[in-house]
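Remember, it's a predicted structure, so these values are computed and weren't measured experimentally.
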Amino acid sequence: MFEIESKDPEEIVLTTKQTKIKFNLADESIDANLNVGKIFGPGEFEIGDVAIRGISTENNDKTIYDAVVGNTHIGILGNVEESLALDELGIADVLCTSSVRAVREIEPKLVVAMGNIDGMVTDLKLAPRTEKKLKVKNKDALPAALEVVALT
């Protein structure tokens with residue numbers, strides 16, 4: 001089981017039984033209160049029970065993340081829409097983004113809306129569900145049809 005929360009459109013906080021990780025898309029950092037400090041940029045990391053893959057975008061100006069908890073893939077993109085980065089990300093069961101294009105290409109089961117939520121749900125023709133924290137038990141507990149969650 002894990003939780004996703006966001007109090008800032010540029011941040012996603014992923015909490016599991018073992019760890020709490022903050023993904024900041026503005027400065028491309030991962031903060032898990034490690035002795036080495038924050039982690040920046042692309043690469044592969046394991047923090048507690050979370051495997052993370054930082055993926056560089058086509059222009060190498062942004063990093064997107066694939067975080068895996070158990071067998072559930074969480075894509076953390078923000079507003080990135082570059083096709084090569086989306087291809088490299090691959091499958092995401094939960095997608096944290098403001099990009100309608102990313103949602104359509106990746107086809108996640110659940111979207112955590114970041115940034116312009118109104119524009120996204122209008123384009124997707126879906127009504128968002130509002131939550132303080134999104135709790136996900138496991139991959140099998142995700143909805144069968146696409147849902148959008150707005151975190152407050």
Original post:
For the atom pair CE (Met114) and CD (Glu11), what is the distance rounded to the nearest 0.5 Å?
Top reply: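 Rounded to the nearest 0.5 Å, the CE-CD separation comes out at 8.5 Å.
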**OP:** Measure the CG-CD1 distance between Leu14 and Ile76 for me, rounded to the nearest 0.5 Å.
**Re:**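 Result: 6.0 Å between the selected atoms.
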**OP:** Begin from the C-alpha positions of Ile52 and Asp66 and carry the test side chain to side chain contact (heavy atoms under 4.5 Å, CB included) through to its verdict.
**Re:** CA-CA 6 Å; Ile52 301 167; Asp66 175 25; over 6 Å; no
Can you give me every donor-acceptor pair (side chain of residues 33-49, partner residue at least two apart or in another chain, under 3.5 Å) with its distance?
residue : atom : partner : partner atom : Å
Asp49   : OD1  : Thr16   : OG1          : 2.6
Asp49   : OD2  : Thr16   : OG1          : 3.2

Distance-only, no hydrogens or angles: does the [X] side chain make a donor-acceptor pair with backbone N or O of [Y] under 3.5 Å?
X	Y	answer
Glu82	Thr57	no
Thr97	Asn79	no
Thr72	Lys139	yes
Ser6	Leu151	no

Subject >> Whichever hydrophobic residues join Ile117 through chains of side-chain contacts under 4.5 Å >> reply: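 Ile117 clusters with Ile55, Ile64, Leu77, Val80, Leu86, Leu89, Leu95, Val100, Val103, Ile106, Val111, Met120, Val121, Leu124, Leu126, Leu146, Val148.
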**OP:** Go through Asn24 and Asp31 one step at a time and tell me if the side chain to side chain contact (heavy atoms under 4.5 Å, CB included) criterion holds.
**Re:** CA-CA 8 Å; Asn24 184 318; Asp31 187 359; over 6 Å; no
Less than 4.5 Å apart, any side-chain heavy atom of [X] and any of [Y]?
X	Y	answer
Val68	Val50	no
Arg53	Glu88	yes
Ile74	Cys96	yes
Glu147	Arg129	yes

**OP:** Could you give me the CA-CA distance, side-chain angles and deciding distance for Leu25 and Tyr65, then say whether side chain to side chain contact (heavy atoms under 4.5 Å, CB included) is met?
**Re:** CA-CA 9 Å; Leu25 297 173; Tyr65 301 97; 4.0 Å; yes
Original post:
Given the rule that I, L, V, M, F, W and Y join up when any side-chain heavy atoms are under 4.5 Å apart, are Phe2 and Leu134 in one cluster?
Top reply: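 Linked, Phe2 and Leu134 end up in one cluster.
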**OP:** Evaluate side-chain hydrogen bond (donor to acceptor under 3.5 Å, both in side chains) for Asp93 paired with His73, printing each intermediate quantity in order.
**Re:** CA-CA 5 Å; Asp93 304 302; His73 286 260; 5.6 Å; no
**OP:** Run the salt-bridge test on Glu105 and Arg101 with the 4.0 Å N-O cut-off and return the result as yes or no.
**Re:**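 Yes, Glu105 and Arg101 are salt-bridged.
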**OP:** Could you pull out the closest heavy-atom pair between Glu3 and Met1, with the gap in Å?
**Re:**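 Closest pair (atom of Glu3, atom of Met1, distance): OE2-CE, 4.4 Å.
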Subject >> Closest approach of Gly115 to Pro9 (non-hydrogen atoms, all atoms of both residues) >> reply: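 Of all heavy-atom pairs spanning Gly115 and Pro9, the closest is N-CB, 3.9 Å.
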**OP:** Decide side chain to side chain contact (heavy atoms under 4.5 Å, CB included) for Glu58 and Ser83; before the verdict, give the C-alpha distance in whole Å, the side-chain angles of both, and the deciding distance to 0.1 Å.
**Re:** CA-CA 8 Å; Glu58 291 167 30; Ser83 59; 3.8 Å; yes
Original post:
Taking everything shown except Lys22 itself, do over 12 heavy atoms lie less than 6.0 Å from its NZ?
Top reply: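 Atom NZ in Lys22 is not packed in, count stays at 12 or less.
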**OP:** Quick one: do Glu81 and Ser99 satisfy side-chain hydrogen bond (donor to acceptor under 3.5 Å, both in side chains)? Show the steps, please.
**Re:** CA-CA 6 Å; Glu81 296 187 328; Ser99 167; 3.1 Å; yes
